[in-house]
Amino acid sequence: MIRDTVIEMLSDALRRAREDGALPPLEYQDPAVERPQNPEHGDYASSLPLKMARAARMSPMAIADILRERLPMREEIAAAAVAPPGFINFTLDTRWIMQQVGTVLSEGNDFGRGRSGAGVSVQVEFVSVNPTGPVHVGHGRGAVQGSAIANVLAASGYSVQREYYVNDAGSQMDAFFQSVHARYLQALGRDAAFPSEGYHGAYLVELGAQLAGEYGDRFAGAAGEESVREIGEIGMARMLDSIREDLERIDVRFDRWFSERSLFTDGTYEQALSRVESNGYTAEREGAVWFTGTELGDERDSVLVRRTGAPTYFASDIAYHYDKFLGRGYDRVINVWGADHQGHFPRMKAVVAALGVDPERLQFILVQLVTLRRGEEIVRVSKRTGDIITLSEVVSEVGPDACRYFFLARSADSQMDFDLDLARKEAPDNPVYYIQYAFARIASILRNARDGGIDPDDTTEDVDYDALTEEAEIRLMRTMLRFPEVVESAARNLEPHHLPHYAYELATAFHDFYTRHRVLGEAPRVTRARLRLAQAAGVVLRNALTLMGMSTPEQM
RNA sequence: GCCCCUGUAGCUCAGUGGAUAGAGCACCAGCCUCCGGAGCUGGGGGCCCGGGUUCGAGUCCCGGCAGGGGUACCA
């Protein structure tokens with residue numbers, strides 16, 4: 001990345017200045033390279049002199065001059081200028097910039113990929129909706145965020161595993177099984193009491209009817225535990241199928257669906273708890289087993305095993321994280337959780353520490369809640385009443401691409417409004433279409449070129465990129481060159497919301513170029529070069545959209 | 001009460017401690033003999049309040065105010 005080049009140049013200059021005594025020997029400082037917002041300040045800028053001034057007991061301008069004189073030359077950089085009060089501004093060489101059209105094209109799908117995560121395994125766990133009901137919009141946001149985080153990590157060289165934790169154990173499953181059984185019996189015309197803690201959603205009435213239609217009264221005979229369990233298992237499998245289908249519509253897929261129940265059948269649960277116990281973080285009180293998280297900085301101790309002998313969901317989580325770190329040995333684990341679980345974060349950090357694992361290896365992404373609106377009216381999301389807006393409904397209304405774009409464009413930790421009326425009404429005006437339209441326009445130009453007997457993919461012919469000298473052309477290419485840095489930064493900060501904003505900017509740069517200049521029908525030398533430029537823009541747009549999980553339509 | 005997240009333009013949102021705070025929508029005014037006008041150009045408007053740290057604060061710290069979430073032997 002070019003940014004790394006600039007950092008290298010500064011580090012070299014700093015070392016030389018120390019060696020020849022122009023600057024005092026100070027401890028290492030980050031060269032503080034950033035992208036200035038004002039284009040007059042160049043492509044990159046460093047405020048290192050300002051930061052060093054105090055410790056060096058010198059004026060920032062003097063330090064800047066000393067460093068600038070010692071900067072090694074690089075072909076990418078045309079100029080490095082000192083600017084008050086003590087910046088060093090770097091400007092890319094225009095001809096070098098345009099040569100990069102060829103680089104982008106030859107790297108193709110790999111353009112934007114990095115190696116910062118090479119050799120590191122990371123697990124991203126997200127969605128993990130209880131298999132007791134459909135995925136609603138709030139879950140959809142977490143799904144989109146989680147999948148995009150996994151995508152940018154993979155693009156940065158990490159070995160990524162995408163996982164869905166299936167809560168198929170515990171008391172809520174019992175309630176679900178009984179609910180399914182009751183709806184099933186009701187569908188058969190039997191008198192069945194609905195459990196008070198049951199799931200009242202209409203989707204279970206449908207499921208009950210469906211199961212009744214398929215299985216008749218096979219599970220209706222004895223109202224014993226067995227038939228409840230059997231029909232319940234079938235119901236859960238159906239729920240999971242529909243959850244998987246809903247998520248696939250928005251390009252969310254998993255490497256593994258991890259069963260909570262398996263933790264109890266394969267011995268993980270016992271191993272995990274005995275490790276916490278042998279490390280001295282359990283205590284028996286009032287007939288229950290507690291995790292003494294307060295010793296590790298948690299707010300309060302928590303129950304692991306109830307007085308009844310049944311483990312809490314928290315005990316499952318300990319076993320699950322034991323498996324993540326000590327069983328499967330991921331270097332990093334990222335949990336994308338909804339805001340309604342935020343109270344659980346510090347406890348899980350404490351648990352990981354209690355297992356003897358560095359808690360820094362566990363990170364949480366807090367995905368804030370989605371407020372759903374239809375115009376002025378706020379739509380309440382409640383599983384109890386069954387009055388829920390499902391992800392599936394939203395996707396049907398606004399389409400998968402718009403759904404992903406909107407969920408991705410807002411940072412995870414701020415609450416967002418999702419106005420269904422607006423999203424639907426303004427669909428043609430959407431940023432989504434703006435970006436995809438840029439891609440379609442490029443595809444159209446390439447089609448026209450082929451019709452006119454020019455093969456854009458013919459790499460045997462030399463292209464003279466010096467033919468690209470227009471401002472809009474350079475601006476477009478500059479924007480493309482930022483892409484690897486956007487990906488890297490999204491991965492480093494686990495902030496995928498930069499991607500849609502970048503894609504929008506890139507589309508703008510292309511639309512601007514497109515309206516100012518013609519590609520086809522110019523002098524052959526110019527047409528050749530512009531065709532490649534447009535093609536390269538298409539490559540970067542496609543790479544960006546792919547990371548976002550959005551489609552790349554060649555025609556709209 | 002305590003803990004967490006958020007307060008930036010009329011609305012929805014960006015903004016790795018840097019140099020004149022950006023988009024979209026909405027509003028107003030312009031641009032099609034030419035590769036797709038789902039496009040382009042221009043305009044008005046903004047950092048919740050008060051302290052502090054810093055050469056420099058929308059960004060960090062403290063205290064308010066406001067909105068949301070959490071605070072179970074539920075998940």
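Being a predicted model, the structure only gives us computed values, none of them experimental. Naming convention: chains lettered A, B, ... in sequence-line order (proteins, then strands); numbering from 1 in each chain.
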Roughly, in whole Å, what's the span from [atom1] in [X] to [atom2] in [N]?
X: A/Arg285; N: B/rA72; atom1: CZ; atom2: P; value: 15 Å
X: A/His501; N: B/rU16; atom1: NE2; atom2: P; value: 12 Å
X: A/Arg347; N: B/rG70; atom1: CZ; atom2: C1'; value: 10 Å

How far apart are the closest heavy atoms of A/Arg475 and A/Arg516, and which atoms are they?
NH2-NE, 4.0 Å

A/Ser302 versus A/Arg347, closest heavy-atom pair with distance:
OG-CD, 3.1 Å

For [N] versus [M], give the span between their [atom1] atoms, rounded off to a whole number of Å.
N: B/rA72; M: B/rC11; atom1: P; result: 36 Å
N: B/rC13; M: B/rC60; atom1: C1'; result: 23 Å
N: B/rG43; M: B/rA23; atom1: P; result: 10 Å
N: B/rC62; M: B/rC2; atom1: P; result: 15 Å

Between A/Tyr313 and A/Ser171, is a side-chain hydrogen bond (donor to acceptor under 3.5 Å, both in side chains) present by the stated rule, with each step listed?
CA-CA 9 Å; A/Tyr313 75 100; A/Ser171 53; over 6 Å; no

Any base atoms under 4.0 Å from [X], or only sugar-phosphate, or nothing? Heavy atoms, all strands.
X: A/Arg441; value: sugar-phosphate
X: A/Ala339; value: sugar-phosphate
X: A/Asn89; value: base
X: A/Gln436; value: nothing
X: A/His511; value: sugar-phosphate
X: A/Leu369; value: sugar-phosphate
X: A/Ser171; value: sugar-phosphate
X: A/Gln555; value: base
X: A/Ala449; value: nothing

Give a yes/no verdict on a cation-pi contact between A/Arg35 and A/Tyr44, requiring under 6.0 Å between NZ or CZ and the six-membered ring centre and an angle within 45° of the axis.
yes

Inspect the surroundings of CZ in A/Arg57 and state if more than 12 heavy atoms from other residues, nucleotides or ligands are less than 6.0 Å away.
no

For A/His321, side-chain hydrogen bond (donor to acceptor under 3.5 Å, both in side chains) partners two or more places apart:
A/Asn335

Measuring from the side chain of A/Arg518 (C-beta onward, heavy atoms only), which nucleotide among B/rA19, B/rG39, B/rC35 has the closest atom?
B/rC35

With respect to the side chain of A/Asp512, which nucleotide from B/rA19, B/rC40, B/rC73 is positioned closest?
B/rC40

Under the criterion side-chain hydrogen bond (donor to acceptor under 3.5 Å, both in side chains), I'd like the reasoning laid out for A/Gln436 against A/Tyr405: C-alpha separation, chi angles, the key distance, then a yes or no.
CA-CA 11 Å; A/Gln436 292 181 328; A/Tyr405 184 90; over 6 Å; no

If you take atom types as modelled and just measure distance, does the side chain of A/Asp317 reach the base of B/rA75 with a donor-acceptor pair under 3.5 Å?
no

Is there, by distance only and without an angle test, a donor paired with an acceptor across the side chain of A/Tyr433 and the base of B/rA38 below 3.5 Å?
no

Under 4.0 Å between a side-chain N/O of [X] and OP1 or OP2 of [N], yes or no?
X: A/His341; N: B/rG69; answer: no
X: A/Ser411; N: B/rA14; answer: yes
X: A/Thr312; N: B/rC73; answer: no
X: A/Asn448; N: B/rG36; answer: yes
X: A/Tyr44; N: B/rU16; answer: no
X: A/His498; N: B/rG15; answer: yes

Would you say A/Asp457 and A/Gln535 are linked by a side-chain donor-acceptor pair, where the criterion is simply a distance under 3.5 Å?
yes

According to the Watson-Crick and G-U wobble definitions, with both distances under 3.5 Å, which nucleotide is paired to B/rA23?
B/rU12

Quick one: what's the B/S/- string for nucleotides 1-10 of chain B, heavy-atom cutoff under 4.0 Å, read 5' to 3'?
--SBBS----

